[in-house]
Amino acid sequence: MPELPEVETMRRGVLAIEGATIEAAQRTPCSKRPISIKPRIDHLNRRVSGTKIVSVDRLGKRVVLRLETGDRLIFEPRMTGLVLIGNPPGREHLRFSLALADGPVQQLLFWDRRGLGRITLLTARQYQEKLGDGSLGPDALEITLPQMVQRFQSSTTPVKVALLDQSRVAGVGNLYASEILHLAKVHPGTACKKVRKNQWQRIHQHMQAVLQLAIEHEGSTLSDGTYRNALNDPGSYQNQHCVYDREGQRCSTCLAAKIQRVVQSQRSTFYCKQCQKR
DNA sequence: ATTAATGTTCAGAA
DNA sequence: TTTCTGAACATTAA
């Protein structure tokens with residue numbers, strides 16, 4: 001599901017919209033319940049129409065269009081949302097479109113099967129407030145080791161659960177959290193305050209390496225096939241997964257133990273009890 | 001036919 | 001303060 005690598009792939013996939021002018025914003029015909037769009041679509045349309053897209057950025061797991069007015073149009077894919085410029089996986093779950101002029105791309109689309117995604121337009125000021133409100137920690141690709149240690153060390157929360165907390169570090173989700181801890185050889189249930197300095201070093205190093213590598217593979221498309229890049233092609237990082245969704249399979253690192261699945265904080269965690277000891 | 005499971009975020013409770 | 005729980009929603013597998 002869209003975590004940092006998948007959202008970064010979406011961002012890169014639609015970069016060609018930079019410099020284009022928005023002609024109209026609209027909900028697209030869709031039989032499902034409407035997704036959350038704020039402010040309401042007619043107001044949003046009025047504010048973005050005729051405005052140029054200055055840049056396409058990423059904020060954690062969100063794609064952010066910076067407009068020449070300073071407003072930010074934010075796409076939040078959550079579980080199954082996709083930001084794309086090519087053919088969507090189907091018309092039935094197409095939720096939103098931006099008609100574009102003055103560039104090589106005619107339209108930007110938001111497709112979302114489950115409909116948990118959100119689209120929000122913020123003023124420059126509201127966006128700055130959002131950046132300062134503490135809800136998002138440093139980006140996972142940017143955070144330094146000392147920053148990471150400082151933001152995690154004092155917590156009693158299990159390290160796997162803490163990695164999912166976007167206010168500590170932004171961008172890691174359920175899939176990559178398991179992969180990171182496996183590569184770092186740290187047990188997912190270890191309380192943050194019990195994680196040793198050299199373990200933080202490995203977590204930090206593998207977090208950035210894994211996310212970077214996954215970006216190069218255009219993210220992970222899981223068995224349900226939902227996640228796609230901006231041209232509606234699947235990613236390929238799923239073929240590199242060591243533990244995620246591999247319960248019962250032999251660990252490819254130690255070639256001995258079978259991958260375990262446990263539930264932490266109501267979500268699946270996968271790990272190898274041989275490679276990842278407490 | 002029903003129920004559980006899927007994973008992200010936020011509001012509200014503990 | 002910090003952590004936990006449930007709800008938002010659609011689809012598939014059991």
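Protein chains get the first letters and strands the later ones, always in sequence-line order, with residue 1 at the start of each.
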To the nearest angstrom, how far is [X] atom [atom1] from [N] atom [atom2]?
{"X": "A:Asp245", "N": "B:dA5", "atom1": "CG", "atom2": "C1'", "answer": "12 Å"}
{"X": "A:Arg113", "N": "C:dA8", "atom1": "CZ", "atom2": "P", "answer": "19 Å"}
{"X": "A:Asp165", "N": "C:dC4", "atom1": "CG", "atom2": "C1'", "answer": "12 Å"}
{"X": "A:Lys38", "N": "B:dT9", "atom1": "NZ", "atom2": "P", "answer": "16 Å"}
{"X": "A:Arg114", "N": "B:dT9", "atom1": "CZ", "atom2": "P", "answer": "13 Å"}
{"X": "A:Leu4", "N": "B:dT8", "atom1": "CG", "atom2": "C1'", "answer": "14 Å"}
{"X": "A:Arg78", "N": "C:dA10", "atom1": "CZ", "atom2": "P", "answer": "14 Å"}
{"X": "A:Arg118", "N": "B:dA11", "atom1": "CZ", "atom2": "P", "answer": "8 Å"}

Regarding [X], tell me which of base, sugar-phosphate or nothing describes its non-hydrogen contacts under 4.0 Å with the strands shown.
{"X": "A:Ser36", "result": "nothing"}
{"X": "A:Thr156", "result": "sugar-phosphate"}
{"X": "A:Ser268", "result": "sugar-phosphate"}

Side chains of A:Ile35 and A:Leu116, heavy atoms from C-beta outward: is any pair under 4.5 Å? no
If you define the side chain from C-beta out and look only at heavy atoms, does anything of A:Val169 sit under 4.5 Å from A:Phe152? yes
When every non-hydrogen atom of A:Lys185 is compared with those of A:Thr253, the smallest separation belongs to NZ-CG2, 3.7 Å
Tell me whether the side-chain N/O atoms of A:Gln266 come closer than 4.0 Å to OP1 or OP2 in C:dT5. yes
Would you please confirm or rule out a distance under 4.0 Å between OP1 or OP2 of C:dT11 and any side-chain N or O of A:His93? yes
Considering only [options], which nucleotide approaches the side chain of [X] most closely?
{"X": "A:Arg33", "options": "C:dT11, C:dG6, C:dA8", "result": "C:dA8"}
{"X": "A:Arg62", "options": "C:dT11, C:dC4, B:dT9", "result": "B:dT9"}
{"X": "A:Lys32", "options": "B:dT8, C:dC4, C:dT11", "result": "C:dT11"}
{"X": "A:Arg95", "options": "C:dA10, C:dG6, C:dT3", "result": "C:dA10"}
{"X": "A:Arg168", "options": "C:dT3, C:dA10, B:dT6", "result": "C:dT3"}
{"X": "A:Glu92", "options": "C:dC9, C:dG6, C:dT11", "result": "C:dT11"}
{"X": "A:Glu3", "options": "B:dT8, C:dT5, B:dT9", "result": "B:dT8"}

Here's a test for you: under side chain to side chain donor-acceptor pair (under 3.5 Å), which of A:Thr269, A:Thr157, A:Asn174 qualifies with A:Gln264? A:Thr269
Rounded P spacing from B:dA4 to C:dG6 in Å: 13 Å
Expressed as a whole number of Å, how far does the P atom of C:dC9 sit from that of B:dA1? 24 Å
Between A:Arg168, A:Lys61, A:Arg58, A:Arg62, which is the residue that forms a salt bridge (charged side-chain N to carboxylate O under 4.0 Å, His left out) with A:Asp139? A:Arg58
Base-pairing mate for C:dC9 - Watson-Crick or G-U, with both contacts under 3.5 Å: none
Do you reckon A:Ile119 sits in the same ILVMFWY cluster as A:Ile41, going by side-chain contacts under 4.5 Å, direct or chained? yes
